Novice: 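Quick one: structure below, then a few questions.
Basis for what follows: all heavy atoms, side chains included, without hydrogens, waters or symmetry-related copies. It should be emphasised that the depicted structure is a prediction, and the values quoted were computed from it without experimental measurement. Each ligand, and each atom within it, is numbered from 1 in the order the structure gives.
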Amino acid sequence: MKNIYSYTKEDLVSYFLNREEKSFKATQVFEWLYQKRENNVENWSNIKKEIQEQLKEDFSFVMPKIVKREKEKQTEKYLIELNDQEHIEAVLMRQVYGNSVCVSSQVGCNMGCAFCESGRLKKIRNLETYEMVCQILLIEKIIQERISSVVIMGIGEPLDNYENVLRFIKIINDAKGIAIGARHITLSTCGLVPQIKRLMEEPFQINLAISLHASNQDLRSKLMGVNKVYNLTLLMQTIAEYIKKTNRRVTIEYVMLNNVNDRIENAIELANLLKGLNVYVNLIPYNETNHLEFKKSSKNQIMKFYDTLKKNKINVTIRKEFGSNISAACGQLRSKEVEK
Ligand code: SAH
């Protein structure tokens, strides 16, 4: 039985039409779930008793649970237990422009980036759409505030769970759903080329972020297993194609690893790679983890790297560090839980 929070409005329209009911019932269901936030069908006062009964028979309404909450300044990290007792994480970041949530898309990850904690534990399964939708609903409920932007940058590779992630985006973007504007939704990928090509054909205007993290082929292959399948040249061609097709600026993420990819030569190489493309680079201070040998670049080195990109006319920002003391980085909370 499928969970109700996995259904887009279009899915519910076909559900009702198949039962020879009016399609506007789909909108009513969305209003109960996402505007009134009423999880108990019996309280859906404008829905007849027999349809309420049918809905209870056809759908599960069970949500995952928040089992742990850690706070540090403007960051809150949530450990969420799924209905099959697996764990994932979601992070709330209070920004000047509103509340932003980083959602997970898989339990574990198979992409195998050398510096990443999530990859160390391997993928157990994809998240269902409702398990992503509920990350937002649960956090909004606990903080009693709205979330205004979503980044799909938690545990997992979203484009390795394409269908479910797309349905998730449709539900949170729906005006009758959680109503988060497409421009406030960012999907981050390690560079799965066929899925990026698929994404450029989709009819919505979300932001795409690419985890590049290296300025040349050899270095990227050492850091990111995915480069052996879709190499840097192919990825750069695909990014150019994406920008041409969608007319949207793409974010290039570059995690700063001490003495690995943070030399001035790397910055020059990166500038050459990106020259003429409508992109901006987001330099990410590395969040160190106990299990991996990588170290963060010094502030001074990050500044030098930043200046070199600027001098070469590349748009660049440095990511604000959120919650490094509460293991908010990428799978660290979940891995503590798994290893208990
Ligand atoms: N799989 C997707 C999204 C999840 S990872 C992707 O690769 O983009 C989100 C971002 O965090 C990626 O850029 C990833 O490389 C980066 N990251 C992973 N571990 C990190 C760490 N310890 N410190 C800083 N960034 C990290």
Side-chain angles (χ1 to χ4, degrees), residues 75 77 88-91 93 100-123 126-127 132 135 150-162 164-165 168-169 185-193 195-196 199 206-214 219-220 222-227 229-230 232 235 238-239 250-258 260-262 270 279-297 302 317-336:
T75 306
K77 175 125 189 176
I88 50 158
E89 317 172 350
V91 182
M93 292 159 288
S100 173
V101 165
C102 176
V103 303
S104 293
S105 58
Q106 298 180 315
V107 182
C109 182
N110 270 348
M111 298 298 122
C113 297
F115 50 84
C116 178
E117 182 77 8
S118 298
R120 212 171 52 84
L121 296 174
K122 295 289 165 270
K123 174 171 105 178
N126 282 332
L127 289 191
M132 291 178 262
Q135 291 174 52
V150 169
V151 295
I152 312 171
M153 287 189 191
I155 300 170
E157 168 48 49
L159 295 185
D160 185 37
N161 185 13
Y162 193 92
N164 291 346
V165 167
F168 162 68
I169 293 171
I185 302 171
T186 301
L187 183 152
S188 175
T189 176
C190 65
L192 299 182
V193 164
Q195 286 93 322
I196 297 171
L199 194 64
I206 60 163
N207 303 308
L208 178 66
I210 304 279
S211 298
L212 204 68
H213 303 331
L219 185 56
R220 196 161 194 271
K222 279 192 196 117
L223 293 175
M224 301 174 73
V226 66
N227 201 60
V229 187
Y230 306 112
L232 189 58
L235 179 58
T238 310
I239 294 170
V250 166
T251 304
I252 301 293
E253 298 170 277
Y254 197 98
V255 65
M256 298 294 291
L257 302 165
N258 186 43
V260 174
N261 65 356
D262 66 346
L270 181 63
V279 295
Y280 92 91
V281 176
N282 195 208
L283 298 177
I284 310 176
Y286 181 59
N287 233 310
E288 293 176 7
T289 114
N290 297 333
H291 303 103
L292 303 167
E293 74 279 19
F294 293 94
K295 294 286 168 227
K296 55 160 44 163
S297 305
I302 297 178
T317 55
I318 300 172
R319 183 173 298 175
K320 189 164 176 281
E321 274 182 274
F322 280 101
S324 46
N325 293 336
I326 54 168
S327 46
C330 318
Q332 294 180 26
L333 195 62
R334 169 172 178 264
S335 83
K336 277 188 202 160

Novice: Closest by any non-hydrogen atom to atom 3 (C) of ligand 1: pick that one out of Cys109, Cys113, Cys102, Ser188.
Specialist: Ser188
Novice: Hey, which of Ile284, Ile210, Asp262, Leu270 is the one that makes side chain to side chain contact (heavy atoms under 4.5 Å, CB included) with Tyr254?
Specialist: Leu270
Novice: Check side-chain hydrogen bond (donor to acceptor under 3.5 Å, both in side chains) between Ser100 and all other residues, then give those that pass, not counting sequence neighbours.
Specialist: Ser149
Novice: Going by ring-ring contact (aromatic ring centres under 6.0 Å, His included), name the residues that satisfy it together with Phe294, two or more places apart in sequence or in a different chain.
Specialist: none
Novice: Would Gly156 count as a contact of ligand 1 if the rule is a heavy atom under 4.0 Å away?
Specialist: yes
Novice: Could you check whether any side-chain heavy atom of Asn164 comes within less than 4.5 Å of a side-chain heavy atom of Leu127, counting everything from C-beta outward?
Specialist: no
Novice: Which ligand 1 atoms are under 4.0 Å away from a heavy-atom of Val255?
Specialist: 24 (C), 25 (N)
Novice: Would you mind listing which atoms of ligand 1 come within a distance below 4.0 Å of any non-hydrogen atom of Cys190?
Specialist: 6 (C), 7 (O), 8 (O)
Novice: Distance only, no hydrogens: is a donor on one side chain within 3.5 Å (strictly under) of an acceptor on the other, for Glu253 and Ser211?
Specialist: yes
Novice: Please could you name the atoms of ligand 1 that Ser211 approaches to less than 4.0 Å, counting only its heavy atoms?
Specialist: 6 (C), 7 (O), 8 (O), 12 (C), 13 (O)
Novice: Does Thr75 form a side-chain contact (heavy atoms from CB on, under 4.5 Å) with Val91? I'd like the steps, not just the answer.
Specialist: CA-CA 7 Å; Thr75 306; Val91 182; 3.6 Å; yes
Novice: Can you sort out which atoms of ligand 1 are near Thr189, meaning under 4.0 Å from one of its heavy atoms?
Specialist: 6 (C), 7 (O), 8 (O)
Novice: State if Glu117 counts as touching ligand 1 under the rule of any non-hydrogen atom under 4.0 Å.
Specialist: no
Novice: Of the listed options (Met224, Met256, Glu253), which comes nearest to atom 10 (C) of ligand 1 when hydrogens are ignored and any heavy atom counts?
Specialist: Glu253
Novice: Mind running side-chain contact (heavy atoms from CB on, under 4.5 Å) on Glu288 and Lys295 for me, showing each step along the way?
Specialist: CA-CA 6 Å; Glu288 293 176 7; Lys295 294 286 168 227; 3.7 Å; yes
Novice: Below 4.0 Å from ligand 1: does a non-hydrogen atom of Gly154 turn up there or not?
Specialist: yes
Novice: Is the closest side-chain donor-acceptor distance between Glu157 and Thr189 under 3.5 Å?
Specialist: yes
Novice: Using a strict 4.0 Å cut-off to heavy atoms of His213, name the atoms of ligand 1 that fall inside it.
Specialist: 12 (C), 13 (O), 14 (C), 15 (O)
Novice: Heavy-atom contacts with Cys116 under 4.0 Å: which atoms of ligand 1 show up? List them by number with element.
Specialist: 18 (C), 19 (N)
